[in-house]
Amino acid sequence: MVVLFRTFSLLIEIVLISHVSLSNCQTINPEVQIQIENFIQNVYLPATNTSSLGLTIVQNDGEVLFTTGYGYSDQEKLLMNGNETQFLVGSITKSLTSTVVVKTLSENFTDLGEKVLDTPIRNLIPTSNFTLNDRFRSEQTTFRDLLAHRTCLPTNDLALLAEAFNTSEEIVYHSRYTQETCGIRTRFVYNNEMYVYAGQLIGLIANTSYEQLAQDLMTEIGMLNSTFVKHSDDFSLMPYRAQPYYVISNVSYPTNTGLVKRVSSTIAGGGLFATPNDMAKYMRFQLNLGIIDGKRIIPENVMKWITTPAIVRTPFTFKTSEEGQFISYMGYGLGLNIGSYEGWQHIYHSGHFAPYSALMSLFPEKNLGIFTGSNQGLTLVDVKVVHHFIYDVLSHVANASEKALARLRHEQNLLADGKLGRNDGVTNFLESVKNKEVKNQDNILGQYGSGDLGDVEIFERFNTEKETNGIYLSYGKWAQAWLNNVGEGIYSLEWDSDIVEDGYAQGDMSGGETFARIENGTLEFLSPAGDTLVPLGKFEFGLRFDSLPPIPWAPDSCGPE
């Protein structure tokens, strides 16, 4: 691990490495700029084991204080991150989608006002054939439910990572077979597919596509250099788009950009590439409640729908230093988290699609917005450290650096304690099954299916490296692996595709250690997490998607079966 904490005097030196020139609109106090830059370059970036970051800060009714970049957008071509570098902002896109939705709903259902968010989708769009896993959800789910993660249906990230489906239409259709984890509106359960659904539905209302609606809004805001991911993208012809990199032992390796294109079917949930300059405009637009450069695009009362808490997240607070600093996470609006920092409202959303990561923080009462984006993982330390540090510096907090260092130490201690890696409990579990009866592998060959996740095939194949036949698993475009039996019904997956880069980008030096439990006619993917193996998805032997009923509940049903 990189040793981070140099003497505090380092924070008042001017050391500018791998740094591009600033834009012409910098209005930040030079001493404050020095303090922020030194913390990022000499403390935070070493802590993340990376060298890449894009940054923009706006304040005072949208005045751009500071926009810059650190490190390279393309290391081979020596292209440096700058104000116009496009970073994948991931789930920050959800706030844009929510903005598109409230704008379109308010324009098309003027008589309903905010009640349009709580009107069942089937009432708003009777021709949509809106269908989820049970009759009640299908008839009563609203746009507020979709955008605030209130459906209590889990997200199908396994299908996204494997690229089991090619289009947003496929993703939406398969979501009707996703089984609930709790009763609707009882808990916050994050779900990317519901944003894909919201994007498709709002396009139906406006008689166009979600992408067109979003692009039109971004044009009005002035976000002219931001684009959505497409299957047809050729990164080599897109010099402003940041090439993604994963890191192993302090060495960066370029990620297969085909892996990035997986989000092209879920753009409403996380497929936006945006520049720091464009994010400055977007944050000004959000902070000014629908106004940009004196032009009102969305009514103020409609913009407030987005930041009205719609559901309470599991509440918790924690200290970050002995001085008594608390950070609280309280609720979720529409595509935005709503919390507090030092007692002030903190509206934010992160975006992660390894190795890209991004964070947008808005402090409305301070007229302050902060955006950071990166094209390089492993990110071992949460970038909120940087955002809180910038807030404290701009708020003239005397011990801002000490507070930030304390948070860094806290997160490093978590890493040192093994809480971010495999726990002994997983090793013990694997040891417990190791010496049990190994079942006949021939019994596991065949096709396995899942209504919401798609199809998996297991078959025998010649392994050229081992010069013998082996058991091979294939799921979607990217999840191919050799199966190695490690005990009763448990198999380790030896990945045979570039999907291993996902694991490296998230700090798993095994390249995404994954297991499968195959027994009694079911296949279940398992991933190490903490002291156990967490289920990622289950498939049934012989199940074929075309055999499933188009309506997944009985005609006389009134709720979950």
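Basis for what follows: all heavy atoms, side chains included, without hydrogens, waters or symmetry-related copies. All residue numbers refer to positions in the sequence shown, counting from 1.
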Checklist outcome for this item: In terms of heavy-atom contacts, Ile221 and Ile292 come closest through O-CG1, 3.6 Å
Checklist entry - Below 4.5 Å, heavy atoms only, C-beta onward: do Tyr356 and Val260 meet side chain to side chain? => result yes
Item to check | Residues in side chain to side chain contact (heavy atoms under 4.5 Å, CB included) contact with Leu289, at least two apart in sequence or another chain | outcome: Glu300, Met303, Lys304
Item to check | Summary of salt bridge (Lys or Arg N to Asp or Glu O under 4.0 Å) pairs that have at least one residue in residues 42-54, sequence neighbours excluded | outcome: none
Checklist entry - Sequence neighbours excluded, which residues qualify as salt bridge (charged side-chain N to carboxylate O under 4.0 Å, His left out) partners of Asp74? => result none
Checklist entry - Centres of the Tyr195 and His149 rings: under 6.0 Å? => result yes
Checklist entry - Less than 4.5 Å apart, any side-chain heavy atom of Leu161 and any of Trp478? => result no
Item to check | Side-chain donor-acceptor contact under 3.5 Å, Glu63 with Thr27 | outcome: yes
Item to check | Atom pair CD/OG of Glu163 and Ser265 - distance to nearest 0.5 Å | outcome: 6.5 Å
Checklist entry - Of all residues at least two apart in sequence or in a different chain, which pass the side chain to side chain contact (heavy atoms under 4.5 Å, CB included) check with Ser73? => result Leu79, Asn81, Thr85, Ala242
Item to check | All side-chain hydrogen bond (donor to acceptor under 3.5 Å, both in side chains) counterparts of Ser492, not counting sequence neighbours | outcome: none
Next on the checklist: With no hydrogens and no angle check, just 3.5 Å: does a side-chain donor-acceptor pair link Glu513 and Ser527?
Outcome noted: no
Checklist entry - How about Ser95 and Gln286: does a side-chain donor come under 3.5 Å of a side-chain acceptor? => result no
Next on the checklist: Checking Val393 against Phe39 for the side-chain contact (heavy atoms from CB on, under 4.5 Å) test, could you report, in this order, the C-alpha distance in whole Å, the side-chain angles of both residues, the deciding distance, and whether it holds?
Outcome noted: CA-CA 11 Å; Val393 169; Phe39 179 80; over 6 Å; no
Next on the checklist: Just by distance, no angles: are the side chains of Gln376 and Tyr246 close enough, under 3.5 Å, to form a donor-acceptor pair?
Outcome noted: no
Next on the checklist: Arg517: which residues meet the salt bridge (charged side-chain N to carboxylate O under 4.0 Å, His left out) condition with it, sequence neighbours left out?
Outcome noted: Glu519, Glu524
Next on the checklist: For residues 148-158, which residue pairs pass the salt bridge (Lys or Arg N to Asp or Glu O under 4.0 Å) check, not counting sequence neighbours?
Outcome noted: Asp145-Arg150
Checklist entry - Looking only at heavy atoms, which two atoms of Ala404 and Val385 are closest? And how far apart? => result O-CG1, 4.0 Å
Checklist outcome for this item: Looking only at heavy atoms, the pair that brings Pro276 and Leu55 closest together is CB-O, 4.1 Å
Next on the checklist: Is it true that Asn191 and Thr151 share a donor-acceptor pair across their side chains at a distance under 3.5 Å?
Outcome noted: no
Checklist entry - If you take all heavy atoms of Gly90 and Thr93, which pair is closest and at what distance? => result O-OG1, 2.6 Å
Checklist entry - Can you tell me if OH on Tyr253 sees more than 12 non-hydrogen neighbours from other groups inside 6.0 Å? => result yes
Item to check | Validation row: Asn375, Pro355 side chains within 4.5 angstrom (heavy atoms) | outcome: no
Item to check | Side chain to side chain, Lys103 and Val302, heavy atoms closer than 4.5 Å | outcome: no
Checklist entry - How far does OH of Tyr44 sit from CG of Leu405, to the nearest 0.5 angstrom? => result 14.0 Å
Checklist outcome for this item: So salt bridge (Lys or Arg N to Asp or Glu O under 4.0 Å) across residues 355-377, not counting sequence neighbours, yields none
Item to check | Minimum side-chain heavy-atom gap Val58-Ile370 below 4.5 Å | outcome: no
Next on the checklist: Using side-chain heavy atoms (C-beta onward) and a distance below 4.5 Å, is Ile40 in contact with Leu53?
Outcome noted: yes
Item to check | Pairing residues for Tyr391 by the side-chain hydrogen bond (donor to acceptor under 3.5 Å, both in side chains) criterion, not counting sequence neighbours | outcome: Trp344
Checklist entry - So Phe371 and Ile92, side-chain contact (heavy atoms from CB on, under 4.5 Å) or not? Walk me through it. => result CA-CA 10 Å; Phe371 166 78; Ile92 296 175; 4.1 Å; yes
Next on the checklist: Testing the basics here: between Met279 and Ala274, what is the closest heavy-atom pair and its distance to 0.1 Å?
Outcome noted: SD-CB, 3.8 Å
Checklist entry - Below 4.0 angstrom, N of the basic side chain to O of the carboxylate: do Lys261 and Asp233 qualify? => result no
Next on the checklist: Pairing donors with acceptors under 3.5 angstrom, does anything connect the side chains of Thr275 and Asn225?
Outcome noted: no
Item to check | Tyr504 ring center within less than 6.0 Å of Tyr245 ring center | outcome: no
Next on the checklist: Check for me whether Arg241 meets the cation-pi criterion with Phe235, that is, NZ or CZ under 6.0 Å from the six-membered ring centre and within 45 degrees of the ring axis.
Outcome noted: yes
Next on the checklist: Under the rule for salt bridge (charged side-chain N to carboxylate O under 4.0 Å, His left out), what residues qualify as partners of Glu84, not counting sequence neighbours?
Outcome noted: none
Checklist entry - So do the side chains of Gln33 and Glu37 get within less than 4.5 Å of each other, counting heavy atoms only? => result yes
Checklist entry - Under the side-chain contact (heavy atoms from CB on, under 4.5 Å) criterion, do Val101 and Leu147 qualify, and how do the steps go? => result CA-CA 9 Å; Val101 168; Leu147 300 178; 3.8 Å; yes
Checklist entry - What orientation do Tyr341 and His346 show, parallel under 30°, tilted 30 to 60°, or perpendicular over 60°? => result perpendicular
Item to check | Which residues share a salt bridge (charged side-chain N to carboxylate O under 4.0 Å, His left out) with Arg144, sequence neighbours left out | outcome: Glu114, Asp118
Next on the checklist: Any side-chain to backbone donor/acceptor pair from Lys281 onto Met223? Under 3.5 Å, distance only.
Outcome noted: no
Item to check | For Asn192 against Tyr190, the heavy-atom pair lying closest together | outcome: OD1-CE2, 3.6 Å
Item to check | Gap between atom CZ of Arg262 and atom CG of Leu160 - 0.5 Å precision | outcome: 6.5 Å
Checklist entry - Can you tell if the side chain of Tyr348 reaches within under 4.5 Å of the side chain of Met360, non-hydrogen atoms only? => result no
Checklist entry - Distance from Asn337 atom CG to Thr307 atom OG1, nearest 0.5 Å? => result 12.5 Å
Item to check | Intermediate values then yes/no, side-chain contact (heavy atoms from CB on, under 4.5 Å), Val229 and Phe273 | outcome: CA-CA 7 Å; Val229 182; Phe273 270 93; 3.4 Å; yes
Next on the checklist: Within this structure, what is the OG1-CG distance for the pair Thr372 and Leu359, rounded to the nearest 0.5 Å?
Outcome noted: 5.0 Å
Item to check | Value rounded to 0.5 Å, distance of OG in Ser357 from CG in Asp382 | outcome: 9.0 Å
Checklist entry - Are Thr50 and Thr48 close enough that a side-chain donor and a side-chain acceptor fall under 3.5 Å? => result yes
Checklist entry - Looking at Asp293 and Arg284, does any basic side-chain N land under 4.0 Å from a carboxylate oxygen? => result yes
Item to check | Thr255 side-chain N/O to Thr257 backbone N/O, donor-acceptor pair under 3.5 Å | outcome: no
Item to check | Contacts of type side chain to side chain contact (heavy atoms under 4.5 Å, CB included), residue Val534, not counting sequence neighbours | outcome: Ala529, Thr532
Checklist entry - Does any donor atom in the side chain of His352 or Ser91 lie under 3.5 Å from an acceptor atom in the other side chain? => result no
